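Just so we're clear, the structure is a prediction, and the values are computed from it rather than from any experiment. Throughout, residue positions are numbered sequentially from 1 according to the sequence presented.
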Amino acid sequence: NENEKLTGAVCYEGNELLGYLVGEYDANNSKVRVKPYGFSAKGHDVEKVIYYLYKYCAKKWVLKGWRDHVIESLDIKEYISSLQNLGFAFQQTHGLLRISDYKERFSNADVSIRSMKDDDEHILREMADIIFSYQNDSPVFASAPLDFVNEIRDGYAGLVKDDDVILYIAETDRAVAFQGFWPEKAGYLIPNKAVEFAIAGTYTEYSNKGIGRALMNHTVKDLALKGY
């Protein structure tokens with residue numbers, strides 16, 4: 001009931017219940033509190049279950065004006081990673097991978113993939129909004145001033161004219177996803193001929209369709225041909 005102070009959601013895969021999350025609004029402290037018994041998750045990807053449960057609930061709570069959320073857990077070892085990944089806690093993970101060690105992942109996405117060209121400037125300018133849409137939406141809620149948004153759009157658009165930047169795009173009847181890499185200088189833990197996987201984005205309506213996997217499979221092969 002939308003008028004109740006107790007609200008939540010459940011997550012199913014087929015007929016199997018994978019998890020639930022229930023929060024209670026505490027008017028005295030202006031907080032939504034999810035108590036230890038108020039959430040649980042199971043399955044092969046607990047982090048994703050908790051993420052989508054909270055993403056769904058958080059948007060509802062914020063629309064009600066309930067902006068402060070507290071999640072309590074007794075089993076902190078099991079859920080610490082999942083809970084810390086909510087919002088904008090860990091959005092960048094750095095590591096090294098030999099391209100020769102990359103294992104191609106299955107994808108049946110019906111897309112064409114190519115390198116981006118100078119005249120794709122307008123496409124990349126529009127795709128910069130993927131980042132802001134994600135940041136502005138639940139569960140991140142990290143809004144940005146319009147001036148900053150325009151600055152980033154211009155910066156993304158300019159990347160197609162940067163000879164050091166390697167950009168790939170996946171298309172159907174329109175651009176749906178992109179990935180960008182640039183060379184890294186050799187240094188501590190960074191070998192010669194290395195590239196950083198620096199930017200990427202997929203439009204929400206095309207997510208979870210294997211497009212990112214298809215794009216990565218293509219880019220790794222092409223980067224190997226370039227000598228990385």
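- Comment: Asp120 engages Arg114 in a salt bridge, judged by a side-chain N to carboxylate O separation of less than 4.0 angstrom.
- In the displayed structure, Phe132 atom CZ is contacted under 6.0 Å by more than 12 heavy atoms of other residues, nucleotides or ligands.
- Considering only heavy atoms from C-beta on, Ile131 stays 4.5 Å or farther from Ile152 through its side chain.
- Within the 4.5 Å cutoff, the side chain of Trp61 has no heavy atoms near those of the Arg67 side chain.
- For the pair Arg174 and Tyr203, the distance from NZ or CZ to the six-membered ring centre is under 6.0 Å and the angle to the ring normal is within 45 degrees.
- Atom CZ of Phe148 sits in a sparse spot, with 12 or fewer heavy atoms from other residues, nucleotides or ligands closer than 6.0 Å.
- For the pair Lys5 and Tyr25, the cation-pi criterion (under 6.0 Å, within 45° of the ring axis) is not fulfilled.
- Inter-residue side-chain proximity for Phe178 and Tyr156 is flagged as met; some heavy-atom pair is nearer than 4.5 Å.
- Electrostatic pairing of Arg213 and Glu104 does not count as a salt bridge here, judged by no charged N lying under 4.0 Å from a carboxylate O.
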Please evaluate residues Asn29 and Asp26 with respect to the criterion side chain to side chain donor-acceptor pair (under 3.5 Å), reporting the C-alpha separation (whole Å), side-chain torsions for both, the decisive distance (0.1 Å), and the verdict. CA-CA 6 Å; Asn29 295 297; Asp26 179 356; 2.7 Å; yes
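- A salt bridge links Lys42 with Glu16: the distance from a Lys NZ or Arg NE/NH1/NH2 to an Asp or Glu carboxylate oxygen falls below 4.0 Å.
- Val165 places none of its side-chain heavy atoms less than 4.5 Å from the side chain of Phe181.
- Within the 4.5 Å cutoff, the side chain of Pro139 has heavy atoms near those of the Tyr51 side chain.
- Remark: Lys64 is positioned above the aromatic ring of Trp66, its terminal NZ or CZ atom under 6.0 angstrom from the ring centre and at most 45 degrees off the axis.
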Please evaluate residues Ile199 and Leu159 with respect to the criterion side-chain contact (heavy atoms from CB on, under 4.5 Å), reporting the C-alpha separation (whole Å), side-chain torsions for both, the decisive distance (0.1 Å), and the verdict. CA-CA 11 Å; Ile199 55 173; Leu159 290 176; 3.6 Å; yes
